[in-house]
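Report on the structure given below.
The basis for the numbers below is simple: all heavy atoms, side chains too, and nothing from hydrogens, waters or symmetry mates. Computed from a predicted structure; not experimentally measured.
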Amino acid sequence: MLFISIQDLELAINFWRNKSPSQGEALQLCPQASALAKPYALMIIQGAQRLPIEALSDNAKLAWAEYLQNRDRYGAGQ
């Protein structure tokens, strides 16, 4: 079983936030960051340090996979 750490999830969220900053008056996150923010928040509430990748929603899995493919090109969390 593969796991994702809370630190790696945070890096992925920051990657998407930097690539596609929040917009509008409500400062809404891009779809990728939003999909990853939900499990991140649950991990914080539960005090979890890692999460099985299978526990991610389909949208979060896609955002995670795209992050892994592009993090070196655009810089992870920069």
Side-chain angles (χ1 to χ4, degrees):
M1 180 179 299
L2 297 175
F3 290 87
I4 180 172
S5 73
I6 194 165
Q7 294 86 1
D8 287 338
L9 196 54
E10 184 175 7
L11 286 172
I13 292 167
N14 287 334
F15 168 84
W16 287 113
R17 289 181 61 220
N18 287 325
K19 193 167 187 299
S20 183
S22 300
Q23 297 180 2
E25 289 182 29
L27 296 176
Q28 182 174 352
L29 293 172
C30 68
Q32 296 91 340
S34 180
L36 294 170
K38 292 173 186 175
Y40 179 75
L42 288 174
M43 290 174 77
I44 291 171
I45 291 169
Q46 296 170 351
Q49 290 300 306
R50 64 184 191 151
L51 170 81
I53 290 179
E54 294 83 27
L56 296 175
S57 69
D58 289 342
N59 288 339
K61 286 179 190 173
L62 182 59
W64 175 250
E66 290 176 5
Y67 160 71
L68 291 177
Q69 290 175 346
N70 293 293
R71 66 183 171 183
D72 294 330
R73 184 179 320 159
Y74 295 104
Q78 294 180 7

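To the nearest 0.5 Å, atoms CG (N70) and CZ (F15) are separated by 5.0 Å. The line from NZ of K38 to CD1 of I13 is 12.0 Å long, rounded to the nearest 0.5 Å. To the nearest 0.5 Å, atoms CG (N14) and CG (N18) are separated by 6.5 Å.
Shown here for A12 and L36, the closest heavy-atom pair between the two residues is CB-CD1, 3.7 Å. The two atoms that bring L51 and P39 nearest to each other are CD2-CB, 3.9 Å, heavy atoms only. When all heavy atoms of L56 and K61 are compared, the closest pair comes out as O-CE, 3.2 Å. When all heavy atoms are compared, the tightest approach of R17 to A33 is CG-CB, 4.2 Å.
For S20, the side-chain contact (heavy atoms from CB on, under 4.5 Å) partners are C30, not counting sequence neighbours. Partners of L68 according to the side-chain contact (heavy atoms from CB on, under 4.5 Å) rule, which considers only residues two or more places apart in sequence or in another chain, are W64, R71. Not counting sequence neighbours, the partners of Q49 by the side-chain contact (heavy atoms from CB on, under 4.5 Å) test are I6, Q7.
There is a path of hydrophobic side-chain contacts, each under 4.5 Å, that joins I44 to W16. When the side chains of ILVMFWY residues are joined at heavy-atom separations under 4.5 Å, either directly or via intervening members, L2 and L62 end up in two distinct hydrophobic clusters.
Of the possible donor and acceptor atoms, none in the side chain of D8 sits under 3.5 Å from a partner among the backbone N and O of I4.
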